[in-house]
Amino acid sequence: MPRVQLIDAEGHNRGEVSINDALLLAEEAGLDLVEISPNAQPPVTKILDLGKLKYANQKKAAEARKNQKVIEIKEIKMRPNIDSHDYETKMKAVRRFFEEGDKVKLTLRFRGREMAHMELGMQLLNKVREEVAPIAKVEAEPKLEGRQMMMVLAPR
């Protein structure tokens, strides 16, 4: 006859009993017999309300999901010859994104003859990198794709 370690509805340890006795006790209490740790010798079972247990676990899972933060990638678009005031405004947004825990993708778009002056774009991206160094790290180094130069920054 297989035996189990039984914990009753009040949480008191009843010691080792046969499975049939445990099932009878659970039925008398109007509750379910739940296996808590199947790998123990003998297996540990507890008399409790399975519906309530499932509900509590669902609640716990929902609470955990509620507290998660989904990291988004926010994009900031600039031009290589951006005005200083526009630059400051964009940098304010970048800092706000980092505070919210999001990653930032900086995109520099080159038009027409600006393609001849790639070094201006690199200088601008390096300036951004130095400015946000205390709060962010470079996740993807600046790279050129067609007429765009991109760099991805992540909060520290």
Side-chain angles (χ1 to χ4, degrees), residues 1-79 82 86-109 121-156:
M1 190 70 185
R3 298 182 71 75
V4 293
Q5 182 82 19
L6 180 69
I7 297 167
D8 64 18
E10 285 79 47
H12 303 299
N13 192 339
R14 289 281 188 93
E16 272 189 51
V17 296
S18 74
I19 286 186
N20 288 348
D21 292 345
L23 285 168
L24 283 170
L25 284 167
E27 210 170 295
E28 279 172 22
L31 298 169
D32 306 299
L33 185 68
V34 180
E35 193 173 36
I36 303 293
S37 58
N39 300 332
Q41 272 317 75
V44 179
T45 58
K46 188 172 184 178
I47 296 175
L48 47 79
D49 188 342
L50 192 59
K52 271 188 185 163
L53 180 71
K54 282 183 178 172
Y55 178 74
N57 287 345
Q58 268 181 336
K59 283 297 238 195
K60 220 181 284 174
E63 194 64 35
R65 276 197 306 273
K66 195 174 83 175
N67 294 332
Q68 283 181 340
K69 166 87 174 89
V70 177
I71 294 179
E72 292 179 43
I73 295 187
K74 305 283 191 171
E75 188 174 17
I76 296 280
K77 292 182 178 172
M78 294 185 188
R79 296 278 308 282
I82 188 169
D86 295 340
Y87 173 80
E88 287 306 319
T89 306
K90 300 265 188 190
M91 288 311 290
K92 243 183 231 159
V94 168
R95 286 192 196 91
R96 192 180 73 237
F97 293 149
F98 286 140
E99 280 164 20
E100 290 167 8
D102 294 322
K103 292 181 182 180
V104 174
K105 175 181 173 184
L106 280 162
T107 306
L108 277 185
R109 161 114 0 105
M122 275 312 281
Q123 285 171 9
L124 181 62
L125 288 179
N126 286 331
K127 181 178 169 188
V128 171
R129 177 194 304 201
E130 284 162 24
E131 227 174 278
V132 297
I135 57 170
K137 58 184 182 289
V138 176
E139 198 166 83
E141 291 295 326
K143 67 172 186 273
L144 192 65
E145 281 180 20
R147 292 186 160 276
Q148 294 185 2
M149 196 179 277
M150 287 185 289
M151 175 168 78
V152 179
L153 298 165
R156 283 198 191 275

Considering only NZ, NE, NH1 and NH2 on the basic side and carboxylate oxygens on the acidic side, decide whether [X] and [Y] come within less than 4.0 Å.
X    : Y    : answer
E131 : R129 : no
K103 : E72  : no
E63  : K66  : yes

Between [X] and [Y], which heavy-atom pair has the shortest distance, and what is it?
X    : Y    : value
A9   : L31  : CB-CD1, 3.8 Å
P42  : R3   : CB-O, 3.5 Å
P155 : K137 : O-NZ, 3.4 Å
K90  : K77  : NZ-O, 2.8 Å
I47  : A29  : CG2-CB, 4.4 Å

Evaluate the side-chain proximity of [Y] to [X]: yes if any heavy-atom separation is below 4.5 Å, no if none is.
X    : Y    : answer
D102 : I73  : no
R14  : I7   : no
L106 : L153 : yes
V4   : V44  : no
V128 : M91  : yes
L108 : R79  : no
V132 : V94  : yes

**Request:** Inspect the surroundings of CD1 in I71 and state if more than 12 heavy atoms from other residues, nucleotides or ligands are less than 6.0 Å away.
**Result:**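 It does not: I71 CD1 has 12 such atoms or fewer within range.
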What's the separation between atom [atom1] in [X] and atom [atom2] in [Y], rounded to the nearest 0.5 Å?
X    : Y    : atom1 : atom2 : value
R109 : M149 : CZ    : CE    : 13.5 Å
K52  : N57  : NZ    : CG    : 14.0 Å
M151 : L125 : CE    : CG    : 4.5 Å
K143 : Q148 : NZ    : CD    : 11.0 Å

Given 3.5 Å as the limit, does a donor-acceptor pair link the side chain of [X] with the main chain of [Y], or not?
X    : Y    : answer
D32  : L50  : yes
T45  : Q5   : yes
R156 : A133 : yes

**Prompt:** Looking at I19, D21, N13, L33, which one forms a side-chain contact (heavy atoms from CB on, under 4.5 Å) with L6?
**Reply:**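 Only one of I19, D21, N13, L33 forms a side-chain contact (heavy atoms from CB on, under 4.5 Å) with L6, namely L33.
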**Asked** Do T89 and D86 have a side chain donor and acceptor closer than 3.5 Å?
**Response**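 No pair is found: no donor N or O on one side chain lies under 3.5 Å from an acceptor on the other.
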**Request:** Answer with yes or no whether the side chains of T107 and E75 bring together a donor and an acceptor at under 3.5 Å.
**Result:**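 Short answer, yes.
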